[in-house]
Amino acid sequence: MHLESNQRVRHWSDSLPVQAIKWLSQLLRTPLSALGTLGVVFFVLVAIFGDQLAPFNFDENAFNNNDLYPPYKAPDCFGDGAIHVPIVDYHTRLFDPLNAECKNPFGTDKLGYDVYSRVILGTREIFRLAGLGTLVAVLIGTTIGLFIGYWGGWPDEIVSRLLDSLLSIPALLLALILLGTLPESATLPVIDYHLPLLKNSILIVLVVVYSPIVARVVRSNVLSVKTQGFVEAAQLRGESTFYILWREILPSVIPALVVEASLRFSYAIFLVASLGFLSLGANPPTPNWGLMVNDAYNNQDYICNEFQCYDWTLIYPAAAIVLLVISVNLMSDGIKRLVQRSG
């Protein structure tokens, strides 16, 4: 039994890269899953190479045609009044295949910032907050779920009730409460990588909001796994709790954990954008999609008249949020089907 258990764990660890490639190929076979996966990959590449794709910095005034339009009336390249200038670099050529020679593909906002550049650079911002917050929440939630599910008894009862109390509060409301009570110097020392204090607070909020959900999912899986024969055999051999959790139980929990992590990431994106819309996720002029939607919404009376509403400053960041969330959800649904099929 001991040899069989070690072979099972070794096979799982050795085949993990192969299994990941196999899952990716299977995801691409289903139209909706493929669409979501390719969408996520696209946003990841934009986040990685955003500095090379964005023709302007997020806080750079990209408007120099004041004789034609004021900044907030410089439309996107799809408007009849788009500002056309000679193409000077490959960035514009890459995103202007029809050779329209449009300087600001998504227009400019009221301060003259290029919306196209801010949307691109905001991709890195959303991955930096939502992605890192989800990762830490999954790690902490997995650790809690493994231990309380395996130990059971009064530790399980106490921690489970605490988790239930957090889960009873809506995510956005809990986030607002936490942001209102966290001290200005709140940080996460383990992952503090020179982020401004406000962003560290957002990371703490994401961890507190989503780690209880992950812990509950992991706990339920541990309860069903810990009674199986290979776990009992490890207990009879006198293996340590850490060994049993890490080498015996965790490999069986990972498929469900991957599905849950992808779901939490999509919710984290929406929560970060919602906090940004409430001016809590970032300080101007940070290229936060939610903050960009907020700026566009608050200035709609300023940029609208009775004939035309200049809504490009609202459409593009909102579309980026929607497309990324939908892509992650479609990919998550595909992963869930793969896990159920393999299980």
Side-chain angles (χ1 to χ4, degrees), residues 5-6 8-10 12-13 16 19-20 127-169 171 174-175 178 182 186-193 195 200-228 230-232 234-235 237-268 271-272 332 335-336 339 343:
S5 176
N6 284 340
R8 181 183 61 82
V9 175
R10 188 163 50 250
W12 169 82
S13 59
L16 185 58
Q19 188 69 22
F127 274 95
R128 182 178 297 172
L129 292 176
L132 185 58
T134 302
L135 176 62
V136 178
V138 168
L139 293 176
I140 294 177
T142 301
T143 303
I144 295 174
L146 284 173
F147 279 99
I148 65 174
Y150 181 71
W151 283 340
W154 63 266
D156 182 27
E157 289 295 327
I158 294 176
V159 177
S160 294
R161 299 295 79 78
L162 292 175
L163 296 178
D164 290 341
S165 63
L166 291 174
L167 292 175
S168 64
I169 306 175
L174 179 58
L178 291 172
L182 284 173
T187 61
L188 281 174
V190 177
I191 59 171
D192 183 12
Y193 59 114
L195 279 177
N200 277 313
S201 299
I202 297 297
L203 291 176
I204 294 175
V205 167
L206 293 175
V207 171
V208 174
V209 169
Y210 293 123
S211 56
I213 304 176
V214 176
R216 295 289 293 182
V217 171
V218 173
R219 172 186 175 273
S220 64
N221 281 269
V222 172
L223 291 177
S224 61
V225 171
K226 72 176 185 178
T227 58
Q228 295 185 12
F230 61 88
V231 177
E232 295 178 350
Q235 293 171 340
R237 294 196 308 266
E239 302 288 357
S240 65
T241 299
F242 179 81
Y243 177 91
I244 295 174
L245 292 177
W246 177 253
R247 300 297 299 272
E248 303 291 347
I249 296 180
L250 182 59
S252 301
V253 175
I254 282 181
L257 189 59
V258 171
V259 176
E260 186 62 26
S262 61
L263 286 174
R264 288 312 112 205
F265 179 53
S266 66
Y267 283 106
L271 182 58
V272 169
S332 177
I335 294 174
K336 183 178 180 180
V339 170

Seminar exercise, completed: Shortest non-hydrogen pair, F230 vs S252, comes out as CZ-OG, 3.8 Å
For this session: Could you tell me which residues satisfy salt bridge (Lys or Arg N to Asp or Glu O under 4.0 Å) with E232, sequence neighbours excluded, listed by chain and number?
Result: none
Problem set entry | Residue pairs passing the salt bridge (Lys or Arg N to Asp or Glu O under 4.0 Å) test where at least one lies in residues 201-220, sequence neighbours excluded | D156-R219, D164-R216
Exercise. Is any side-chain heavy atom of V217 less than 4.5 Å from a side-chain heavy atom of L257?
Worked result: no
For this session: Would you name the heavy atoms of V209 and A171 that are closest together and state the gap between them?
Result: CG1-CB, 3.7 Å
Exercise. Between S160 (side chain) and E157 (backbone), is there a donor-acceptor pair under 3.5 Å?
Worked result: no
Can you give each donor-acceptor pair under 3.5 Å made by side-chain atoms of residues 129-148, sequence neighbours left out, with the distance rounded to 0.1 Å?
from : atom 1 : to   : atom 2 : distance (Å)
T134 : OG1    : A130 : O      : 2.6
T142 : OG1    : V138 : O      : 2.5
T143 : OG1    : L139 : O      : 2.9

For this session: Under the ring pair (Phe, Tyr, Trp, His ring centres under 6.0 Å) rule, collect the residues that match up with F265, sequence neighbours excluded.
Result: F127
Problem set entry | Separation between CD of E260 and OH of Y210, rounded to the nearest 0.5 Å | 11.0 Å
For this session: Using the test side-chain hydrogen bond (donor to acceptor under 3.5 Å, both in side chains), find all partners of Y150 that sit at least two apart in sequence or belong to another chain.
Result: Q235
Exercise. Which residue pairs pass the salt bridge (Lys or Arg N to Asp or Glu O under 4.0 Å) test with at least one member in residues 132-154, sequence neighbours excluded?
Worked result: none
Exercise. How many angstroms lie between CG in L271 and OG in S266, if you round to the nearest 0.5 Å?
Worked result: 11.0 Å
For this session: Take Y267 and I213 through the test side chain to side chain contact (heavy atoms under 4.5 Å, CB included) and record every step on the way to the result.
Result: CA-CA 12 Å; Y267 283 106; I213 304 176; over 6 Å; no
Problem set entry | Partner residues of Q228 under the side-chain hydrogen bond (donor to acceptor under 3.5 Å, both in side chains) criterion, sequence neighbours left out | none
Exercise. Among pairs that include at least one residue of residues 144-154, which meet salt bridge (Lys or Arg N to Asp or Glu O under 4.0 Å), considering only residues two or more places apart or in two chains?
Worked result: none
Seminar exercise, completed: Sequence neighbours excluded, the answer for side chain to side chain contact (heavy atoms under 4.5 Å, CB included) partners of S240 is F242, Y243
For this session: With rounding to the nearest 0.5 Å, note down the distance linking CD in E239 to CD in E248.
Result: 7.5 Å
Problem set entry | Gap separating the CG atom of L178 from the CD1 atom of I204, nearest 0.5 angstrom | 9.0 Å
Seminar exercise, completed: What one should report as the nearest heavy-atom pair of V222 and G149 is CG1-C, 3.6 Å
